[in-house]
Structure formats: structure tokens, C-alpha cells
Amino acid sequence: MPNVTVVYTKSELERAIERQDKTIAVKSASLADDVKTLKSASSGAFALAVGSAGVFATNFWNPLGWGSGIIGTLSTGSLITAIVAIGLSTTLLFAIYNDYSIKGRTSIRLAGGNSIDADLVMERD
């Protein structure tokens, strides 16, 4: 499979998504788990979690802002944890959610015949 981008970190994943790379092989188990959690969410839960994560990020110091964030956390806690752990902008989170399909742990063939084991493979739809 030609043109595979191999990423190990959040910043490498961010650059690959911004470039709209066709195939991304994630070689970090924790990053792969966060992407899987993000992709497995329903659209309603995803939207709520993105909003709740934003509320916490902007109002963590303000007890008056905690209420709306807590409501979202109660229903989407692990998803919010994954969103915060991935640490990408909302635009890039939506790109992962809408523009890529994922395959779990797999071996992927690179151009030239070599292959690598990836914790997750993302393919642009």
C-alpha cells in the first residue's frame, strides 16, 4: 500500500490529518485507543462530548461553568477523556470522526514491499 504515513505522537497525527493523508498508521497503543473511542461514539454523543470538553477547557477555573460540563461528562465521560487526550482542534476531531474509517491492530504493506505492524490504521473515505 503506497503513501502510508506512520505516526507515533499526537502532533504527527495532527499534521497527517491537516495534510489529508489518505492512509495513516498509528504506532502508539494509547493514541490508537483514543481514536477508537472517538470513532465508536454516536454522532449525538460526539457532539455533546466535544461541547463538554470545550466547556471544561474554558471554564475549569469557574465553578459557575462546571454545571454544563458535568452534564456532558456524566453521559460521555470516556469519550471526553479521549478527546482531551488526543488534544486536537475541533476541526481535526470532526475530520477524524467524519472523514476516516479505522481498522484495528493490523499489519500494513508499505511501498517497496516492507510491512509494519500498526496499532490502528486510518483510511480517508
Side-chain angles (χ1 to χ4, degrees):
M1 182 178 286
N3 300 324
V4 175
T5 302
V6 179
V7 301
Y8 297 87
T9 66
K10 293 183 290 189
S11 61
E12 291 172 338
L13 177 61
E14 180 175 20
R15 286 191 299 275
I17 294 168
E18 286 173 343
R19 289 189 307 261
Q20 299 181 353
D21 291 356
K22 178 84 174 140
T23 304
I24 303 169
V26 178
K27 295 272 296 174
S28 163
S30 62
L31 185 57
D33 287 342
D34 291 336
V35 171
K36 281 185 232 178
T37 300
L38 177 72
K39 284 294 290 181
S40 67
S42 69
S43 59
F46 177 75
L48 179 61
V50 168
S52 295
V55 167
F56 273 137
T58 58
N59 292 319
F60 73 94
W61 56 269
N62 179 1
L64 296 177
W66 292 353
S68 57
I70 289 171
I71 292 168
T73 300
L74 293 175
S75 59
T76 59
S78 62
L79 182 55
I80 290 173
T81 302
I83 288 171
V84 171
I86 291 174
L88 300 177
S89 71
T90 303
T91 303
L92 294 178
L93 290 171
F94 275 99
I96 290 172
Y97 190 78
N98 292 320
D99 299 341
Y100 285 90
S101 59
I102 63 169
K103 296 178 187 173
R105 186 177 250 307
T106 189
S107 182
I108 188 167
R109 186 164 303 280
L110 303 173
N114 294 331
S115 63
I116 60 167
D117 292 329
D119 293 302
L120 180 91
V121 175
M122 299 170 56
E123 292 181 329
R124 190 163 181 81
D125 297 329

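The figures here come from the full heavy-atom set of this structure, side chains too, leaving out hydrogens, waters and symmetry mates. All figures in this text were calculated on a predicted structure; none of them were measured in a lab.
The side chain to side chain contact (heavy atoms under 4.5 Å, CB included) test applied to Asp99 returns Ala95, Arg124, not counting sequence neighbours.
At least one side-chain heavy atom of Leu31 sits less than 4.5 Å from a side-chain heavy atom of Leu13. Residues Thr23 and Asn3 have side chains not in contact (no heavy-atom distance under 4.5 Å, counting atoms from C-beta outward).
Pairs passing the salt bridge (Lys or Arg N to Asp or Glu O under 4.0 Å) check and including a residue from residues 20-32, sequence neighbours excluded, read Arg19-Asp21.
For the atom pair CZ of Arg15 and CD of Glu18, the computed distance is 8.5 Å after rounding to the nearest 0.5 Å. How far OH of Tyr100 is from CD1 of Ile17: 6.0 Å, rounded to the nearest 0.5 Å. With rounding to the nearest 0.5 Å, the separation of CE in Met122 from CD1 in Ile102 is 8.0 Å. Distance check: Asn98 CG to Leu93 CG gives 10.5 Å after rounding to the nearest 0.5 Å.
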Report, one line per pair, each donor and acceptor closer than 3.5 Å where one atom sits in a side chain of residues 111-121; sequence neighbours left out.
unit_1, atom_1, unit_2, atom_2, d
Asp119, OD1, Arg105, NH2, 2.8
Asp119, OD2, Ser28, N, 3.2
Asp119, OD2, Ala29, N, 3.3

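A donor-acceptor contact shorter than 3.5 Å is absent between the side chain of Glu14 and the backbone of Lys10.
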